[in-house]
Amino acid sequence: MSQQQPNPQTYTTGYTTGGATTDTATIDANARTVHYKCGDCDQDVPLKRGEPIRCRNCGHRVLYKQRTNRMVQFEAR
Amino acid sequence: MAPPSAEELTRRKKLEVSPEIVSNQASTDLPGHWPGENHEWDLDYFKDNFNVQFHTHSPHDATFSLTGIDTSVSNAFRRILLAEIPTLAIEDVFIYNNTSIIQDEVLAHRLGLVPLAGSRDGLRWLKWYKKPSDDDEGSGTPSDYNTIILRLEVECKWQEGGLARAVAGETDPDKLYINHNIYARDLVWHPLGKQHDMFPAGQEIRPCNPDILLVKMRPGQKIMLSMHAVKGIGQDHAKFSPVATASYRLLPTIDILKPITSADAKKFARCFPRGVIRLDTVSAEDVANDPQLEGQEGEPKAVVDDPMKDTVSRECLRHPEFKDKVKLGRVRDHFIFKVESTGQWESDELFLESVKLLKVKCQRIKRGLDEMIR
């Protein structure tokens, strides 16, 4: 099944195989949300897989990934 | 052979400081150096000659003189003060979150250098922490008797209405943000087990200087970390050194060989730091005693007031008018110690501790020698 014109509601990440986009990348309802920071307004942007990479507050398209919350050990030397 | 005169003994003890060279540096009070004299080390002789005198004595800054002691021993004290007296310092930093602009490793290093204070008895009670090693399973376990846990959890935020003020052009961080400066006082100690009793209220583990600036932050930045502080010695890392500096200098001497009077006397006094040279008036008695002062009664005369304040800059040796009139030197067995504590221990305590440690080292050598002979 292929779409020549993607539905405006379901956004695809736009990777194409032979000129046709697949819909495997449409929004997955039970995917894990990842929090990003907007590069313009510093708002927290929760995103799921397949969602448009865009700030909900200001529409900026540059988002930053948050620092890992895994513990890092350093020697104070 | 006749014993050396008192002048000869003081001459032997004096280093000569000339414009370009320092001579007579090496001590000669050793057995076999002077024919017919016995310079064997003797406890009673040492007891009679050794002397300690305090000049300034504040908790974190002490100046005192040791006289009648060999350089090797006083230098040993200095080196022990710098590198072998144990203190507590942050060793491991566990960073959960750090979005400030200071990199994790730099922040960890800064934290390590913060001097910590706490109950002296508690610090003595603390045992050494051994790093975990591969060949010894279960080694390096932190416990209440060898590890102190501290935490730093801070977040910078906008003040109420701060954002509006920033838009209006306000740039003073104190009027815009909360927690934009993180100081050493923000480190929070989390006592474990027996540490509650060993470090009672008022003597808890805390930074000696609460105003050390650790990080500067801006709204949205956050630091969450915990630290393990352990006991260590300066040999391992400078952060464990209990002193900011511990040094000694030899007592300077200034011998005025020929009288320096009138305008020369004022110039001579200016060659030294204030308080080293005093200007006296030439009295009738001085003139009667010294033919060189003929007709100079009432003129100012340079007299050494306090050679301890001298820096031995040798400025007076540069001027031809003082040639052969003055001799600079230092007393070889008069050590003016200056011990500046970082705050964990008191300066005088630290010196006593260094004496104790040297004693322990000597006993260890003695035991080793006994083993060898057996």
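Letters A, B, ... mirror the listed sequences (proteins, then strands); counts begin at 1.
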Can you tell me if [atom1] on [X] sees more than 12 non-hydrogen neighbours from other groups inside 6.0 Å?
{"X": "Ile101(B)", "atom1": "CD1", "result": "no"}
{"X": "Tyr145(B)", "atom1": "OH", "result": "no"}
{"X": "Arg218(B)", "atom1": "CZ", "result": "yes"}

For the pair His109(B) and Arg77(A), evaluate side-chain contact (heavy atoms from CB on, under 4.5 Å) and give the outcome as yes or no after the intermediate values.
-> CA-CA 5 Å; His109(B) 177 242; Arg77(A) 276 169 193 260; 5.7 Å; no
Can you measure from CD1 (Ile95(B)) to CE (Met71(A)) and round to the nearest 0.5 angstrom?
-> 10.0 Å
With a 4.5 angstrom heavy-atom cut-off, which part of Arg70(A) approaches chain B: side chain, backbone, both or neither?
-> backbone
Any sub-3.5 Å donor-acceptor pair from Arg67(A)'s side-chain atoms to Asn98(B)'s backbone N or O?
-> yes
Mind running side-chain contact (heavy atoms from CB on, under 4.5 Å) on Val72(A) and Glu105(B) for me, showing each step along the way?
-> CA-CA 10 Å; Val72(A) 205; Glu105(B) 49 272 59; over 6 Å; no
Considering only heavy atoms from C-beta outward, does the side chain of Asp92(B) approach that of Glu75(A) to under 4.5 Å?
-> yes
Over all heavy atoms of both residues, which pair between Ala76(A) and Lys239(B) is shortest? Give the atoms and the distance, please.
-> O-NZ, 2.6 Å
Contacting moiety of Lys131(B), where chain A heavy atoms sit under 4.5 Å = side chain
